[in-house]
Amino acid sequence: CGFAPSVVAYSSVVHACARAEELEEAAAWFRRMEEAGLQPNDITYNSLVNACARTGHLDEAAMWLRRMEDADVAPNVISYSSVIHACARLGRAS
């Protein structure tokens, strides 16, 4: 039909899965995005960081932050505040 999914379309699906706390599904869509040759952006990564942080998966949130940096996508205030709020909520200062 001539429709080629875009970064916005994939990021929207990743975000929807992340909001539903479907972390594995969000990560699967992230992989599909990369396999389609599209570069995830800060919104895509922040969806995953935020979902992991909200659900108490701080190690996974940190992994997504590292992947973000490795991909030369700069973490921003949303990236860091998601993790900081989760650490505070879980009583983890380090």
Side-chain angles (χ1 to χ4, degrees):
C1 74
F3 174 74
S6 65
V7 171
V8 172
Y10 273 102
S11 294
S12 296
V13 175
V14 169
H15 181 74
C17 293
R19 297 251 326 149
E21 297 182 1
E22 294 289 338
L23 302 180
E24 289 181 27
E25 190 66 20
W29 279 101
F30 183 94
R31 284 190 300 279
R32 288 183 190 114
M33 180 179 188
E34 290 183 314
E35 290 166 1
L38 297 171
Q39 174 66 40
N41 60 20
D42 60 332
I43 295 168
T44 317
Y45 281 102
N46 282 340
S47 294
L48 289 159
V49 170
N50 187 286
C52 292
R54 269 194 350 264
T55 57
H57 295 92
L58 294 179
D59 291 337
E60 286 182 54
M63 181 271 301
W64 285 110
L65 276 175
R66 281 191 302 278
R67 283 190 62 178
M68 187 177 193
E69 291 170 337
D70 291 345
D72 290 326
V73 177
N76 57 29
V77 67
I78 294 170
S79 314
Y80 293 122
S81 66
S82 296
V83 175
I84 291 167
H85 283 117
C87 288
R89 195 171 48 253
L90 296 171
R92 287 179 57 182
S94 57

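Between the OG atom in Ser47 and the CG atom in Leu23 there is a gap of 11.5 Å [rounded to 0.5 Å]. Summarising the geometry, atom CG belonging to Asn41 is positioned 6.0 Å from atom CE belonging to Met33; distances are rounded to the nearest 0.5 Å.
Under the side chain to side chain contact (heavy atoms under 4.5 Å, CB included) criterion, Ala62 pairs with Arg66, sequence neighbours left out. Qualifying side chain to side chain contact (heavy atoms under 4.5 Å, CB included) partners for Ser81, counting only residues two or more places apart in sequence or in other chains: His85. Looking at residues two or more places apart in sequence or on another chain, you find no salt bridge (charged side-chain N to carboxylate O under 4.0 Å, His left out) involving Glu69. Partners of Tyr45 under the ring-ring contact (aromatic ring centres under 6.0 Å, His included) rule, at least two apart in sequence or in another chain, are Phe30. In this structure Ser6 satisfies the side chain to side chain contact (heavy atoms under 4.5 Å, CB included) test together with Val8, Ala9, sequence neighbours excluded.
Closest approach of Val49 to Ser79, counting heavy atoms only: CG1-O, 3.7 Å. Considering all non-hydrogen atoms of both residues, Asn76 and Asn46 come closest at OD1-ND2, 3.2 Å.
Between Glu60 and Trp64, the side chains place no donor N or O within less than 3.5 Å of an acceptor N or O (distance only, hydrogens not considered).
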Enumerate donor-acceptor pairs with a distance under 3.5 Å from any side-chain N or O in residues 50-58 to protein atoms, sequence neighbours excluded.
from	atom 1	to	atom 2	distance (Å)
Asn50	OD1	Arg54	NH1	2.6
Asn50	ND2	Ser82	OG	3.0
Arg54	NH2	Ala18	O	3.2
Thr55	OG1	Ala51	O	2.9
Thr55	OG1	Cys52	O	3.2
Thr55	OG1	His57	ND1	2.8
His57	ND1	Thr55	O	3.4

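Ile43 and Trp29 sit in two unconnected hydrophobic clusters of ILVMFWY residues. Membership requires side-chain heavy atoms under 4.5 Å apart, directly or through other members.
In this structure, Arg32 places its CZ atom where more than 12 heavy-atom neighbours from other residues, nucleotides or ligands lie under 6.0 Å away.
Within the 4.5 Å cutoff, no side-chain heavy atoms of Leu48 are placed close to those of Met68.
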